[in-house]
Amino acid sequence: MKLLSFIWAHLGAARGKFVLGLIATLVEGLAAAVPAAAVGLGLVRLAEGGATPSDLMPYAGAIVAAFVVRTLALRVAWSAGFRAGNEATETVRRRLVQHMRVVPLGALVRWTPARLATLVGEDSRWINECSTFTLHRIIAGSVTGLVLFALAALFSPLVVAVMIVALLVALVVHQPIVRVVARVLATRSRFIVDLNHRIGEYGEGIAVFRMFLRKGEALAQFQEVVEGAYQLMRRNTPRLIAMQETNSFLLSVGVPLALVAVAVSGAATAAPAETMVALFFAIAAQTAWTSAVIKQALIFRLGEQARCGMEAFFAEPVLTGSRRDFAPSLDVIADRVSFAYGKDGRTAVEEVSFTAERGTVTAIVGPSGAGKSTVLALLARFYDPASGAIRIGGLDIAEADPARLQALISVVDQNVHLFRDTLRANILLGDPGADDARLNAVVTAARLDELVAALPNGLDTRLGDGGRTLSGGERQRVAVARALLKNAPIVVLDEATSAMDPLSEKAIQDAVAALESGRTVIVVAHRLHTIAGADQILAMDRGRIIERGRHDQLLALGGTYAGLWTAQQRASGWRLR
Ligand SMILES: Nc1ncnc2c1ncn2[C@@H]1O[C@H](COP(=O)(O)OP(=O)(O)OP(=O)(O)O)[C@@H](O)[C@H]1O
């Protein structure tokens with residue numbers, strides 16, 4: 001029932017079509033009962049004796065008419081009901097993707113791309129099956145069975161009474177089987193997620209595996225999961241088949257019991273024709289149920305499992321907040337902010353406080369793992385702080401409308417994701433409505449002119465998988481171009497850590513300088529000479545800000561920053577031999 005109400009809730013405007021499809025399926029189920037009913041009733045007529053061919057014609061005619069009705073009903077069921085089911089599945093898929101956009105990034109990391117891909121792909125497919133073919137088979141089969149069962153009752157209430165008792169016993173015996181099936185299917189689901197995860201990991205990490213000559217080990221890990229999935233199915237398929245057959249047996253055991261009952265009660269002698277026809281209808285009813293209901297029930301279990309996974313994801317709290325009354329100053333204030341990844345995780349950021357006034361540059365520096373990127377992630381509200389608050393324009397960003405906040409901030413990350421699309425489309429993500437003049441201006445400001453001129457189709461060149469056809473420096477300049485187009489007043493920038501040749505580095509610096517002008521910039525800097533002119537520098541260590549000031553002040557202090565500076569000055573003169 002939960003699965004059906006889940007499907008119903010996602011039908012939206014297609015509910016009318018869905019109901020029409022169900023009505024057509026009811027009609028189809030009724031029509032499907034007609035051939036068996038006509039044969040049974042024809043047999044009764046024959047048993048009465050003296051039947052002429054014309055006496056039997058109505059029965060034959062009913063079978064032909066039922067065939068026509070059934071075909072028409074099926075057409076309606078397919079065109080209306082199945083279309084509605086497909087629409088509901090698409091709504092579910094869209095809702096999943098939509099939810100991915102509004103849950104905090106931290107929750108998405110926990111769900112993993114493989115699990116999310118399984119929800120949108122495999123699990124949505126089961127919802128689709130259940131809302132279309134499976135549901136229709138179950139309804140049509142149930143109706144056919146019920147009609148034939150009712151006909152059997154007309155001729156021999158004893159046969160039907162015995163079968164109902166047998167059915168009730170079967171239902172009770174069936175319960176442990178349901179639990180085992182649910183367990184097997186849950187394990188199967190976990191394997192599928194693990195398999196997707198490994199496939200993704202293998203594809204993404206193939207370069208690393210190759211570099212470290214670990215292709216064999218990586219493949220072995222991958223094969224281990226495939227082998228695990230195979231073994232699971234090998235172990236459980238016979239069990240599942242046995243259970244399905246047990247179900248069919250339990251359902252059909254009523255017929256031989258009814259046979260014994262009519263023999264013992266003497267009904268077979270008192271009314272032989274009626275008893276025979278009742279048994280015939282009972283067998284036909286049981287066949288309809290077995291083929292439609294039992295065989296499809298497994299799919300319904302898969303659908304129910306998929307629904308549970310989706311509901312769990314939908315239950316992930318979304319970023320809340322509706323306030324939009326940011327003060328025009330848009331000063332950024334971190335007020336005693338603390339944060340840990342996961343419930344029992346080590347504190348990544350502790351009691352961090354600073355003010356970044358509008359139009360100024362704040363640089364965050366410190367050793368690896370000091371918490372610099374985490375501060376940026378909190379500013380962009382990828383996570384909410386565990387304690388303390390971040391305020392922009394006087395407004396706690398935890399209370400701000402997430403979409404409005406996103407409009408105020410551009411994030412230029414180290415890991416620039418490029419989509420398999422043209423360079424133009426990748427830059428236009430910053431502002432899809434930008435005209436060519438603005439686009440060309442940001443291309444120039446981000447120092448992408450030379451790249452565009454060198455690409456075969458300029459801005460309309462398609463970038464490869466994940467944008468791998470661009471170098472690290474070029475990718476970061478594309479990210480800067482996006483941010484320039486977006487033109488948000490606050491820029492959160494994680495400077496690329498990888499070493500670059502002086503020309504690339506100069507190009508990036510120029511691009512970043514264009515981005516900085518007139519904006520509030522909070523930058524994690526790895527090459528300290530790039531931030532010597534920053535309005536304030538925050539030196540972090542182990543999650544805390546340990547020094548703050550301008551470049552000269554911090555040098556004069558002779559602490560961590562001065563140490564980092566000296567180390568970098570020395571390193572800039574290093575050589576291999
Ligand atoms: N997604 C995550 N889950 C769990 N722990 C994390 C996660 N990201 C970072 N951490 C941990 O939080 C701490 C701070 O990490 P953070 O990335 O903020 O440091 P950082 O100063 O930016 O380092 P780097 O300069 O190397 O990028 C580290 O101990 C790190 O291992």
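Remember, it's 1-based here, ligands and their atoms both numbered in the order they're listed.
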Below 4.0 Å, non-hydrogen atoms only: which portion of Arg346 touches ligand 1? Side chain, backbone, both or neither.
side chain
If you measure only the distance, is there a donor-acceptor pair under 3.5 Å linking the side chains of Gln536 and Thr362?
yes
Per-atom contacts, ligand 1 versus Ala348 - under 4.0 Å to a heavy atom
12 (O), 13 (C)
Does Gly369, backbone or side chain, put an N or O under 3.5 Å from an N or O of ligand 1?
yes
Supply the atom-to-atom distance Leu470 CG to Thr461 OG1, rounded to the nearest 0.5 angstrom.
9.5 Å
Compute the shortest N/O to N/O distance between His526 and ligand 1 and return yes if it is under 3.5 Å, no if not.
no
Does Gly366 have a heavy atom less than 4.0 Å from any atom of ligand 1?
no
Angle class for the Tyr383/Phe339 ring planes (parallel below 30°, perpendicular above 60°, tilted otherwise)?
tilted
Region of Pro367 that comes within reach of ligand 1 [heavy atoms, distance under 4.0 Å]:
backbone
Looking at Ser368, which atoms of ligand 1 are within less than 4.0 Å of one of its heavy atoms?
23 (O), 24 (P), 25 (O), 26 (O)
Which residues pass the side chain to side chain contact (heavy atoms under 4.5 Å, CB included) test with Ala9, sequence neighbours left out?
none
Could you list which atoms of ligand 1 come closer than 4.0 Å to a heavy atom of Thr374?
14 (C), 15 (O), 16 (P), 18 (O)
At their closest point, which heavy atom of Trp111 faces which heavy atom of Glu316, and how far apart are they?
NE1-OE2, 2.8 Å
Give the numbers and elements of all ligand 1 atoms closer than 4.0 Å to a heavy atom of Ala370.
19 (O), 20 (P), 21 (O)
Distance-only donor-acceptor check, side chains Trp126 and Gln305, under 3.5 Å:
no
From the options Tyr383, Phe382, Tyr341, select the one whose nearest heavy atom is closest to atom 12 (O) of ligand 1.
Tyr341
Could you check whether Asp123 and Thr118, counting side-chain N and O atoms only, form a donor-acceptor pair closer than 3.5 Å?
no
